[in-house]
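Below, read A as the first sequence line, B as the second, and so on, with proteins coming before strands; counting in each chain starts at 1.
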Number of protein chains: 2
Amino acid sequence: MDASSKKKRTRGKLSREMIENAAFEVIEREGLSGFSMRKLAAALGCEAMSIYHHFPSQAHLYEALVDRLIGRLKMPDPDLPWRERMRIAVLDYRRIGREHPAFATYFLSYRMNSPTCLAYINGIVGLFNDGGFNQEMAARLFRAIGYYLGGALLDETAGYAKGPSAVTTVSSEQLERDFPNIAAAGRFFSTAEFDKTFDLGLEMLLDEMERIRDGTRTANAKSDNLREK
Amino acid sequence: MDASSKKKRTRGKLSREMIENAAFEVIEREGLSGFSMRKLAAALGCEAMSIYHHFPSQAHLYEALVDRLIGRLKMPDPDLPWRERMRIAVLDYRRIGREHPAFATYFLSYRMNSPTCLAYINGIVGLFNDGGFNQEMAARLFRAIGYYLGGALLDETAGYAKGPSAVTTVSSEQLERDFPNIAAAGRFFSTAEFDKTFDLGLEMLLDEMERIRDGTRTANAKSDNLREK
DNA sequence: GCTTGACAACTTACACTGTAAGGTTCATTT
DNA sequence: AAATGAACCTTACAGTGTAAGTTGTCAAGC
């Protein structure tokens, strides 16, 4: 018989960390929708259900992945100028998203509630408080900058740089002819332009935040009340 | 036998429009991940495979849904002041996302390439051109505003307002004690505050765009070159 | 050395998914 | 009346997450 020669069961082989590492790899290789517990198991050289001994569900595993990414983020040095601290915090977050483009899709719509993530968010909100804003403005600016950051990451990781998702596509000749504005703008939409575009928007928001803090934002703010309804 | 009494086959019942309408309903009722061709068929009173006669795949169906949402958007009146045109365009897009919160998740990472969607994008890029920016700046600002808009929609439709996605959550007592900044900011994170927060960020970006156009953005822009690396 | 217990990993099974392939029904045209 | 072809249904397959039950392996106590 000697059935043991066929399957080399190395006991205690698996661990949470090993599984997490493999999960990151499989997700990036197969894409988030192509990821499955069975493929993860194959990468680990075990059966799918063995993973459930370490993570009670796929959701728990995903949560651990988010925690690991967020948990490694450090708050920027408080001795730096505030604007620089804010910039670093934003770019740090963007970096971990860019490092895991396939996982970012999940990451970005994940509503963080683990202690690790809450500690991070608490620190970032504190950074806005340090900027000299009152609680309301700190809260709203936190959200507004987060919108920009999240939207940029979504586009940079899942956007046009990955090619069209449409089933029916348009030839570049037709694009040039029928949609000239897009054709003209297209060259600034490439992956190589991501940093420059992101920085432009980020600096715009940083400028405005400093204007709000310094009370020098009187120019066009009046039009805020022009909204219908 | 009289098998016809059991199943009332009403021929020509289905149509692309009917299927699309039902799809929007089922998606919003079941959530995007809870949506399936079989559930859609059940809502339509037909079998799953009947849908494939009208849409060759689920992806084609989704694409049609995106096209329908985008296709109904009109460019703002060109006679309005430019800032107002831009504001309306942004809010229109946000509105259709908010009207289909469950579908928005798909919508936001969908890379539009259908003629309908390209026509829309072409119009919006043209709106930036009308603002008096050169091609490069128009392209980058289009993207930057899109980042803000997309991130906001993602958060408003899939974010914290839907409750935590984490499997392990933290009690409100612990939140108050360990994460005071979040607790303090929390009241401005509610659904009721969405409009006000969105408007703040939008007006910030509109302000900055006008500064860029008018060349009055000299204040802090110098720090743009402080980036490491 | 032997037994026991606990735990880690595996096996099986179920209800679900999208959709390929092919069969059936029926309104319309000839 | 016969034929056509669109519209719809049935069946089947390979994939999914995971509940439930089983087996293999190692360490401790006798």
Practice prompt. Tell me, please, which residues at least two apart from Met18(A) pass side-chain contact (heavy atoms from CB on, under 4.5 Å).
Written response: Ser15(A), Leu44(A)
Worksheet, complete the sentence: In numerical order, the residues of residues 33-64 of chain B whose heavy atoms come under 4.0 Å of DNA chain D are Arg38(B), Cys46(B), Glu47(B), Met49(B), Ser50(B), His53(B), His54(B)
Item to complete: Please examine the side chains of Asp178(A) and Val170(A), heavy atoms only from C-beta on, and report whether any two atoms are closer than 4.5 Å.
Response: no
Taking distance alone, no hydrogens or angles, what donor-acceptor pairs closer than 3.5 Å link side-chain atoms of residues 103-112 of chain B to residues at least two apart or in another chain?
unit_1: Arg111(B); atom_1: NE; unit_2: Gly159(A); atom_2: O; d: 3.3
unit_1: Arg111(B); atom_1: NE; unit_2: Gly163(A); atom_2: O; d: 2.1
unit_1: Arg111(B); atom_1: NH1; unit_2: Ala158(A); atom_2: O; d: 2.6
unit_1: Arg111(B); atom_1: NH2; unit_2: Gly163(A); atom_2: O; d: 3.3

Fill in: Polar side chain donor-acceptor pair, Ser57(B) to His60(B), under 3.5 angstrom
yes
Worksheet item: Does the pair Arg85(A) and Leu127(A) meet the rule for a side chain to side chain contact (heavy atoms under 4.5 Å, CB included), with working shown?
Response: CA-CA 8 Å; Arg85(A) 289 167 68 193; Leu127(A) 182 45; 3.6 Å; yes
